[in-house]
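Presented below is the structure to which this report refers.
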Amino acid sequence: MNDNIKEVWNKRPLIISGPCSAETEEQVLETARRLAATGKVNMLRAGIWKPRTKPGLFEGIGTKGLPWLLKAKQETGLPTTVEVATAKHVQDALQFDVDVLWIGARTTVNPFSVQEVADALKGVDIPVLIKNPINPDLELWSGAIERLQKAGLKDIGMIHRGFSSYGNTQFRNAPMWHLPIEMKRRFPEMLLVCDPSHICGNRTMLQDVSQKSIDLDFGGLMIESHIDPDNAWSDAKQQITPERLSEMLGDLVWREENISTQEFITALATLREQINHIDDELLTLIGQRMKIADKIGQYKRDNNVTILQTNRWNEILDRAVAKGEALGLSKEFIIRYFDAVHLESISHQNKIMYDQK
Ligand code: PEP
Ligand code: MN
């Protein structure tokens, strides 16, 4: 690694930006110029080979785009980084002097591919960033790091781009902050960069997610930027102009945290994630409880029994108050909680009695 790249690689915060995909020579050059003009960006990113969820979408310009990146570097002085997923990608990227490689989320999940990239990099002195796998599996993420370390690579960093989940959530990829925090615990010296673009999937939350990562002591940001975001050939919804990026970076608060404040924020994020998990489980359990109530409702309907059976309810409440108090929960809370659950249960049973007859 030459001294110039070494200096950039060691910058904190390290700011990487550029389009999701290289599209045309002019687009790459213009983006690079405008990013360089902000004076706030340290490295130019661009996807050359794009792993797309569905066929028929733009799958990257391919090797033909690599000279554009080289030209952009020569003109602006910004080192470049691209995603590689195969040995051929690695060879092509090296041939065109790409400075830093990154492994994408869809590649990190596949040990065959990671090993292929690692083998292609044996004896090569180049920094590599590894995105988290799309699924929340830290062993896969650590495993990819280990494969590259075993291939002799010394400069490895991690990119947190969130984890995919089923159904609609506010994020394109849920940040699950406790997972990158755990990776920081496992690899304390390793660069950890946040990619708010792929976490958010939109422009509106970028600022908040970036700030959150800074507060959690991440070492840098990778944010997608485009000269005409609405007309980008991939990830149009989440890209911002270089000028907007500059504004956003200017508004971020780079706290001079002392260690204890960072530890506090990290601990808080971990505890909050634990609470989220428990709340999810509680809701799932309450949902299951209602399904059982529905079944009871069916029996009552078929046997012509009243929905409310006071004795049974008093029995439930007495048991819960005794158990709850032993767990440090107040009697008032238990009664309010069970009243709410009971009302929901009765309304489910009512539905069964009258709707489905
Ligand atoms: C990208 O950086 O454009 C990309 C494809 O990201 P990810 O691998 O995180 O989905
Ligand atoms: Mn993208």
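Owing to the predicted nature of the structure, the values given are computational and were not obtained by experimental measurement. Counting starts at 1 for both ligands and their atoms, following the listed order. Position 1 is the first residue of the sequence, and the numbers go up from there.
- In terms of N/O distances under 3.5 Å, ligand 1 is not approached by P51.
- At a cut-off of 3.5 Å, with distance as the only test, a side-chain donor of E23 or H226 sits close to an acceptor on the other residue.
- Residue W102 has at least one heavy-atom neighbour below 4.0 Å for each of these atoms of ligand 1: 2 (O).
- Defined by atom type and a distance below 3.5 Å, a donor-acceptor pair is missing between the side-chain atoms of N132 and R161.
- For K50, every heavy-atom contact with ligand 1 shorter than 4.0 Å involves the side chain, none the backbone.
- A donor-acceptor contact closer than 3.5 angstrom is absent between the side chains of Q238 and R203.
- The shortest contact between atom 8 (O) of ligand 1 and any protein heavy atom is with A105 N, 2.9 Å.
- Of all N, O or S atoms in D235, the one lying closest to the Mn ion (ligand 2) is OD2.
- Side chains of D92 and T63: a donor on one and an acceptor on the other come within 3.5 Å.
- For the atom pair N276 CG and H178 NE2, the distance stands at 9.0 Å (nearest 0.5 Å).
- Within H198, the N, O or S atom at minimum distance from the Mn ion (ligand 2) carries the name NE2.
- Not a single heavy atom of G47 sits closer than 4.0 Å to an atom of ligand 1.
- Between the side chains of K50 and S234, no donor N or O sits under 3.5 Å from an acceptor N or O.
- Distances below 4.0 Å separate heavy atoms of C20 from the following atoms of ligand 1: 3 (O).
- Of the N and O atoms on the side chains of Q298 and D302, not one donor lies less than 3.5 Å from an acceptor on the other residue.
- Listed by atom number, the atoms of ligand 1 under 4.0 Å from G104 heavy atoms are 8 (O).
- Among H160, K131, Q238, E83, the residue whose heavy atom sits closest to atom 5 (C) of ligand 1 is E83.
- No side-chain N or O of D208 forms a donor-acceptor pair with one of Q211 less than 3.5 Å apart.
- Taking only nitrogen or oxygen atoms, main chain and side chain alike, D195 does not reach within less than 3.5 Å of ligand 1.
- Remark: distances from the non-hydrogen atoms of R45 to ligand 1 include one below 4.0 Å.
- The nearest heavy-atom contact from the protein to atom 4 (C) of ligand 1 is H198 NE2, 3.5 Å.
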Next item on the list: Kindly determine whether D125 and K154 satisfy salt bridge (charged side-chain N to carboxylate O under 4.0 Å, His left out), including the steps that lead there.
Entry: CA-CA 8 Å; D125 182 19; K154 303 242 164 351; over 6 Å; no
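- Among the heteroatoms counted here (N, O or S) of E224, OE2 is the one nearest to the Mn ion (ligand 2).
- Note: an N/O pair closer than 3.5 Å links R161 and ligand 1 by distance alone.
- For the residue pair T107 / S113, no side-chain donor-acceptor distance below 3.5 Å is found, with atom types taken as modelled.
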